[in-house]
Chemist: 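Pasting in a structure now, in structure tokens, and then I'll have a few things to ask.
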Amino acid sequence: MFVLFEEAGKYLGGRVLSEAESSAQVELETGKRVKVKGANIVLRFEKPSPAELIAEGRALAATVDLDLAWEFAPEGEFAFDELAAEYFQARPTLAQQAAALLALFEAPHYFRRAGKGRFKKAPAEIIQQALAAIEKKKLVQAQITEWAGQLAAGECPAPVREQLFKILFKPDKNAPEYKAVVDAARATQRPPLELLKRAGAIDSAYQFHWRRFLFENFPKGTGFPALQAPAIADELPLAAVQAFSIDDSQTTEIDDALSVQGLGSGTVVVGIHIAAPGLALVPGSAIDQVARTRMSTVYMPGHKITMLPDHVVEAYTLQEGRDCPAVSLYATFDEETLALKGTETRLERVPIVANLRHDQLDAVIGQEWLEDASFGAADTPAMLAPLRAPLSFLFRLAKQLKAQREVVRGKPENFSRPDYTFRLVGHDGEPTGNEEVQIGTRRRGAPLDLIVSEAMILANSSWGGWLGELGVPGLYRSQASLAPGIKVRMGTRALPHAGLGVKSYAWSTSPLRRYTDLVNQWQIIAAARHGKTAALAAPFKPKDADLFSILSGFDAAYSTYNGHQGGMERFWTLKYLQQQGITELEATLIKDLPNGALVRADTLPLVFEVAGTQGLQRGARVRVRLGEIDEIALDVHGTVIERLDTASADAQAEDESGEDEEEVAGPIAIAVDLADSEAAAENTPA
């Protein structure tokens, strides 16, 4: 005897081996034996075979007019054989009974399941809604099929183009645009990104990277709401200094300036003056909410997205010719020994006499110009004459401060590689990606850089230590040691920074472009106003949950922004190779890989994979022939064609520096999963 029974949402058939009161042992056609509850058995028969019966019943079920069957079906609950008697004939055949069972079972929008083999008519209004939904689904599937065909033929439908970044990076896997890409990629056996490129969905590599960044980080755009920069209400004293800033020509957010007093007196006071938006802005205000959402200014060659609106920056930036509100750190030094005697923090207005631009002055203000008063350059601007003595002292001090930090570090800081600068020729406004790019170099640790960096390290470490002494929490950067794998971390406690060689380090010198610095400035202002009771008056208290939230949010945003900046610099470097027709580069091997190695170009900011490095060690210099450039993946590979020399001492020093290596860009990780299948979903048993 054979039986037809329900198991796990579908109907199976098999031969009965044995039967008890409430169950039976049944052998399936596959040879598998299963125990079936008696209540699950809906048909018993001698012939034909279960497979033949199910096949015949399914074919006959396909001919059932569901509307007519619904009309014939009894009111209330009924069994499938009752409907078979009404629809087919008074004494339905076994195949007709099976057909009725399968037709009812597979039409849940017409018939609700009320038990094993039992059903109930669905209300008429529900049927109409279900039929409308089914028709809509058919239309959507037809649209998916049409779009997939267009993509496969190399044409991108407008809806897919409009949803490009959502499809690739944050997809709704039920959306027809996404399903069309999946179906087309599967049909053509092409990776989704390649498929979309071929179909013309990506017409500009630069715009692809730029718009992807905006999609993920600025979904509402980069514009600002209407905001009014509040005035600083404090009556601030005017500092008796002549301060000057040192930045590049593109800098509009001038956060810091320097001053020097007392030269020739034996005691010199160096002023480090920081723009003071914290004196006007308050936590929770509209401008603060904007700054906290952005967390930092985003930099990239030829463009930037500022943390604050331009008119707000203009209100607090340290513009030359103005007396600007500032939070000032005054550090007193012995003029001969350069020993630090003490520091003091003041809230004041500072006269800014000059905004120096190092990209215009690096060629003039060199080490010899700073160390030899008799040395002169024919093209020295007249504005530098009154600043030469202060700059010379600051350079001497910077070298001393750096040397002191290196003693704490245990080894010198390594500046074996230059800083690269990017200039887009004739660029005005947002880049298009087609501009001519010029890549220049600036020696890391150049005199003006050293002056500014050491002054800022002094301010950040001094203020960080001061907040710690007063019990006022801040946002700190720390590094436990220079051991491999020990990275810089952010926290709310004053801890040593081994990489810089200081006891504590709290970013505080860029409040117009980093939110951490604005937060720390609020804390420093409270310390300046209230002294030992500052912990009670500061906006953020110890173990403040809001402070931890800011820390984690900034850490994530800053990492993302740096990644975008690095990616855009890599894009323009690859563009430079194309524009200059460069097909070969000299490079240094920096890391072994299973099938080659990573190399760093000697004269460009580029790290990439190469083949043909057998027998070469880290630090070996090679000539590399470049392969095809992929502007979407930001990738290029090469092949070693000549060995130039063996591992160098400089490379070994770099190996010991503890600096992080750049990551080589590779294929972009997208969220399109070709395992997604509409057909698979439809064939899943109910």
Side-chain angles (χ1 to χ4, degrees), residues 9 106-110 125-223 293 433 556-557 560 563-564 567 630-634 665-686:
E106 294 174 359
H109 49 298
Y110 277 92
E125 61 272 17
I126 298 299
I127 293 174
Q128 293 305 314
Q129 293 174 9
L131 291 175
I134 291 171
E135 184 62 26
K136 181 179 179 181
K137 186 175 182 180
K138 288 180 180 178
L139 293 175
V140 170
Q141 184 57 48
Q143 183 68 82
I144 292 171
T145 302
E146 180 184 350
W147 286 344
Q150 292 175 340
L151 287 167
E155 178 185 349
C156 185
V160 173
R161 184 190 299 272
E162 292 166 3
Q163 295 288 321
L164 176 66
F165 298 97
K166 185 174 182 180
I167 291 169
L168 291 176
F169 303 112
K170 293 183 179 179
D172 171 3
K173 296 190 176 183
N174 290 317
E177 294 86 357
Y178 174 84
K179 291 181 178 180
V181 171
V182 170
D183 289 353
R186 189 185 296 113
T188 59
Q189 297 185 335
R190 292 180 182 274
L193 199 56
E194 180 184 328
L195 172 83
L196 290 163
K197 284 170 57 181
R198 181 173 171 271
I202 304 170
D203 51 14
S204 164
Y206 181 86
Q207 287 299 314
F208 174 79
H209 295 297
W210 171 235
R211 288 169 56 202
R212 176 196 176 188
F213 174 75
L214 295 180
F215 171 78
E216 294 181 335
N217 298 280
F218 293 86
K220 296 181 180 179
T222 60
T293 298
T560 298
H564 178 67
D630 187 337
E631 292 184 357
I632 297 296
L634 297 178
I668 294 174
I670 63 175
V672 179
D673 184 0
L674 296 188
D676 294 332
S677 171
E678 178 69 14
E682 288 186 344
N683 292 333
T684 301

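These values consider heavy atoms only, across backbone and side chains, with no hydrogens, waters or symmetry-generated copies.
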Chemist: In Å and rounded to the nearest 0.5 Å, what is the CG to CZ distance from Asn217 to Arg212?
Modeler: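 Reported to 0.5 Å precision, the distance equals 9.5 Å.
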Chemist: Please examine the side chains of Leu196 and Val160, heavy atoms only from C-beta on, and report whether any two atoms are closer than 4.5 Å.
Modeler: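 Yes. Closest side-chain heavy atoms under 4.5 Å.
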Chemist: Side chains of Thr293 and Phe218, heavy atoms from C-beta outward: is any pair under 4.5 Å?
Modeler: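 With C-beta onward as the side chain, the pair stays apart.
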Chemist: Once rounded to the nearest 0.5 Å, what's the spacing between atom NZ of Lys138 and atom OG1 of Thr145?
Modeler: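 It is 13.5 Å, given to the nearest 0.5 Å.
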Chemist: Kindly compute the distance separating CD1 (Ile126) from OH (Tyr110), expressed to the nearest 0.5 Å.
Modeler: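 It comes to 13.5 Å.
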Chemist: With rounding to the nearest 0.5 Å, note down the distance linking CD1 in Ile202 to CD1 in Ile632.
Modeler: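 Between Ile202 CD1 and Ile632 CD1, I get 4.5 Å after rounding to 0.5 Å.
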Chemist: Indicate the atoms forming the closest heavy-atom contact of Phe215 with Lys166, along with that distance.
Modeler: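 For Phe215 versus Lys166, the nearest heavy atoms are CZ-CA, 3.5 Å.
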Chemist: Going by heavy atoms in the side chains, are Pro157 and Gln150 under 4.5 Å from each other?
Modeler: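 In contact.
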Chemist: Which pairs pass side-chain hydrogen bond (donor to acceptor under 3.5 Å, both in side chains) with one or both residues in residues 192-206, sequence neighbours excluded?
Modeler: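 Pairs touching residues 192-206 that pass the test: Arg190-Glu194.
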Chemist: Does Glu155 have any salt bridge (charged side-chain N to carboxylate O under 4.0 Å, His left out) partners at least two apart in sequence or in another chain, and if so, which?
Modeler: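 Once residues adjacent in sequence are excluded, Glu155 has no partner under the salt bridge (charged side-chain N to carboxylate O under 4.0 Å, His left out) criterion.
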Chemist: Please work out which of the three classes, parallel, tilted or perpendicular, describes the rings of His564 and Phe213, given edges at 30° and 60°.
Modeler: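 Aromatic pair Phe213/His564 classed parallel.
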Chemist: Sorted by first residue and then second, give each ring-ring contact (aromatic ring centres under 6.0 Å, His included) pair with at least one member in residues 142-167; sequence neighbours left out.
Modeler: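 Every ring-ring contact (aromatic ring centres under 6.0 Å, His included) pair that includes a residue of residues 142-167, provided the two are not neighbours, is Phe165-Phe208.
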Chemist: Return the CG to OG1 distance between Leu151 and Thr188, rounded to the nearest 0.5 Å.
Modeler: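 Between Leu151 CG and Thr188 OG1, I get 8.5 Å after rounding to 0.5 Å.
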Chemist: Any chance you could measure Ile167, atom CD1, to Arg161, atom CZ, to the nearest 0.5 Å?
Modeler: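 These two atoms lie 11.5 Å from each other.
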Chemist: Any chance CD of Glu125 has more than 12 other-residue heavy atoms, nucleotides or ligands included, within less than 6.0 Å?
Modeler: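 Buried by this count: over 12 neighbours within 6.0 Å.
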Chemist: Identify the heavy atoms of Ala201 and Cys156 that sit nearest to each other, and give their distance.
Modeler: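 Ala201 and Cys156 have their closest heavy atoms at CB-SG, 3.5 Å.
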Chemist: Under the side-chain contact (heavy atoms from CB on, under 4.5 Å) rule, what do His209 and Leu634 come out as? Steps first, then yes or no, please.
Modeler: CA-CA 10 Å; His209 295 297; Leu634 297 178; 3.5 Å; yes
Chemist: Measure across Leu195 and Ala184 and return the closest heavy-atom pair with its distance rounded to 0.1 Å.
Modeler: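 Nearest heavy atoms, Leu195 then Ala184: CD2-CB, 3.7 Å.
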